[in-house]
Amino acid sequence: IGVTGVQTCALPIYCKAKSIFARSTFAKGIASDQINSARIKVAATVVLVGGVLPGSRDHEVQRTWPILLEAIRRLHLRNPHARFLVAAYRESHALLCKQMLTKEDRILPIDFFVGKTSEIIQASQCAMMVSGSVSLELMARQTPAVVTYRVGRLFYSIAKCLVNLESFTLPNLMSDQKIYPEMVSVGNPETTIKFLTQSIHMLLNDQQYSRDVREQLRDLACRFAEPGASSKAAQAIIDQLDNRSEEHTSELQSRQYLV
């Protein structure tokens with residue numbers, strides 16, 4: 001992910017004991033001058049393009065790719081002209097995903113890419129993804145998406161007792177409404193597979209729904225996706241270093257005076 005701008009946003013985090021209103025600074029996303037330049041070639045015969053983001057960590061790919069793959073199988077039956085572009089974070093992730101393909105999966109319209117996440121997000125009409133900071137780039141590029149995250153039963157049970165969040169997707173937390181449909185996947189994955197399949201099918205085929213989501217993302221991006229993050233982040237670091245240097249100089253002068 002590149003950098004789009006230092007974004008200050010308010011995240012309402014609801015704990016069981018009390019409500020906490022936390023302010024967080026994000027420097028995630030993409031540079032504004034890269035949004036229009038990121039491209040990936042898609043055959044002219046492909047009518048629909050869906051991005052697939054299986055996660056950036058090994059365990060995320062291992063747990064979630066089988067669910068995403070089954071959703072692709074079902075989506076292909078309903079949308080034979082759609083093509084699915086998989087954005088692998090590492091070569092090892094792409095290899096892992098390919099190894100899980102069966103002989104029957106060879107007919108599926110799937111393409112694997114490494115290091116092309118930005119291009120895939122830009123080229124896709126929508127995406128299904130593992131929850132993570134890449135959702136901020138999807139927001140900045142105004143790409144509709146459906147989000148999931150696979151966890152174990154024990155972790156889910158403990159988390160439910162400790163935290164009560166209205167959403168686990170960053171753009172949803174930054175918005176007054178749930179723009180990105182999301183589902184935590186626990187236990188039998190069938191419910192999640194049906195959720196992903198139906199949600200992506202709607203985004204691929206319901207043009208009005210897709211436009212409404214893009215409009216909401218455009219409004220959110222205008223509020224938070226400020227350009228110039230690289231220069232702002234660099235200046236913030238320089239300011240911090242200058243302050244520390246001044247404090248160190250002042251401390252040395254004080255010691256010399258005491259001596």
Side-chain angles (χ1 to χ4, degrees), residues 40-132 134-135 138 143-156 168-169 180-206 210:
I40 195 165
K41 292 184 179 180
V42 180
T45 54
V46 177
V47 178
L48 305 172
V49 179
V52 184
L53 286 69
S56 59
R57 297 177 176 87
D58 293 348
H59 71 272
E60 292 175 344
V61 179
Q62 291 171 351
R63 291 176 179 177
T64 314
W65 171 245
I67 296 174
L68 300 176
L69 177 57
E70 180 57 31
I72 292 173
R73 292 175 182 136
R74 300 183 188 186
L75 284 164
H76 176 59
L77 295 176
R78 303 174 67 179
N79 305 272
H81 299 296
R83 192 154 198 91
F84 299 93
L85 313 180
V86 180
Y89 185 65
R90 296 189 179 95
E91 289 284 357
S92 59
H93 294 168
L95 180 60
L96 178 62
C97 291
K98 292 177 182 179
Q99 289 174 340
M100 293 188 191
L101 298 176
T102 66
K103 291 182 179 179
E104 291 75 16
D105 292 333
R106 292 176 181 174
I107 64 170
L108 293 175
I110 303 178
D111 297 307
F112 294 91
F113 299 88
V114 178
K116 297 292 183 180
T117 300
S118 296
E119 290 86 345
I120 288 176
I121 292 174
Q122 183 70 19
S124 300
Q125 290 172 251
C126 60
M128 53 181 172
M129 59 166 290
V130 171
S131 179
V134 71
S135 62
L138 282 138
T143 302
V146 183
V147 187
T148 188
Y149 201 86
R150 181 77 171 167
V151 297
R153 292 183 184 274
L154 179 60
F155 178 88
Y156 182 70
F168 60 85
T169 304
Y180 285 146
E182 60 182 21
M183 176 177 287
V184 177
S185 180
V186 185
N188 190 334
E190 181 61 25
T191 302
T192 305
I193 294 169
K194 289 181 178 179
F195 163 74
L196 291 171
T197 303
Q198 184 59 32
S199 299
I200 292 296
H201 179 74
M202 285 183 60
L203 286 170
L204 287 174
N205 294 278
D206 190 332
S210 181

- So, do Gln198 and Arg78 sit near enough that their side-chain heavy atoms are less than 4.5 Å apart? yes
With a 3.5 Å cut-off and sequence neighbours excluded, list the donor-acceptor pairs that the side chains of residues 61-68 form with protein atoms.
unit_1: Thr64; atom_1: OG1; unit_2: Glu60; atom_2: O; d: 2.9
unit_1: Trp65; atom_1: NE1; unit_2: Cys97; atom_2: O; d: 3.1

- Minimum heavy-atom distance between His76 and Pro109, given as atom pair plus value: ND1-CD, 3.4 Å
- Task: Mind listing the closest non-hydrogen atom pair of Ile200 and Ala127 along with its distance?
- Result: CD1-O, 3.6 Å
- Note on the structure: Value for OG (Ser199) from OH (Tyr180), rounded to nearest 0.5 Å, stands at 13.5 Å
- With side chains defined as the heavy atoms from C-beta onward, is the minimum distance between Lys194 and Arg74 less than 4.5 Å? yes
- Should Ile110 and Leu69 count as side-chain neighbours, where that means a heavy-atom distance under 4.5 Å? yes
- Message: Could you measure the distance from the CD atom of Gln99 to the CG atom of Leu95? Nearest 0.5 Å is fine.
- Response: 4.0 Å
- Measure the CD1-OG distance between Ile121 and Ser135 for me, rounded to the nearest 0.5 Å. 9.5 Å
- What heavy-atom pair brings Ser56 and His93 nearest, and what distance separates the two atoms? O-CE1, 3.3 Å
- Item | Pairwise side-chain contact, Val130 with Arg57, heavy-atom cut-off 4.5 Å (strictly under) | no
- Distance-only, no hydrogens or angles: does the Asp206 side chain make a donor-acceptor pair with backbone N or O of Met202 under 3.5 Å? no
- Task: Report yes if the side chains of Leu75 and Met128 come closer than 4.5 Å at any heavy-atom pair, otherwise no.
- Result: yes
- Looking only at non-hydrogen atoms, find the nearest pair between Leu203 and Pro144 and report the distance. CD2-CB, 3.8 Å
- Look up atom CZ in Phe84 and atom CG in Leu48, then write down how far apart they are to the nearest 0.5 Å. 8.0 Å
- Message: Just so I know, are the side chains of Met183 and Thr191 near enough to count as touching, which here means a heavy-atom distance under 4.5 Å?
- Response: yes
- Drop me the distance from Leu77's CG to Leu108's CG, to the nearest 0.5 angstrom. 8.5 Å
- Item | With Thr102, the side chain to side chain contact (heavy atoms under 4.5 Å, CB included) member among Met100, Glu104, Arg106 | Glu104
- Which atom names give the shortest non-hydrogen contact between Phe168 and Glu182, and what distance separates them? N-OE2, 3.3 Å
- Item | With sequence neighbours excluded, residues passing salt bridge (Lys or Arg N to Asp or Glu O under 4.0 Å) with Asp105 | Arg73
- Message: My understanding is that only residues two or more places apart in sequence, or in another chain, count here; which of them pass salt bridge (Lys or Arg N to Asp or Glu O under 4.0 Å) with Glu91?
- Response: none
- Message: Just so I know, are the side chains of Leu101 and Phe112 near enough to count as touching, which here means a heavy-atom distance under 4.5 Å?
- Response: yes
- Query: Quick one: are Gln122 and Thr143 in side-chain contact, heavy atoms under 4.5 Å?
  - Reply: no
- Query: How far does CG of Leu138 sit from OG of Ser124, to the nearest 0.5 angstrom?
  - Reply: 8.5 Å
- Message: Which heavy atom of Arg153 sits nearest to which heavy atom of Asn188, and what is that distance?
- Response: NH2-N, 4.1 Å
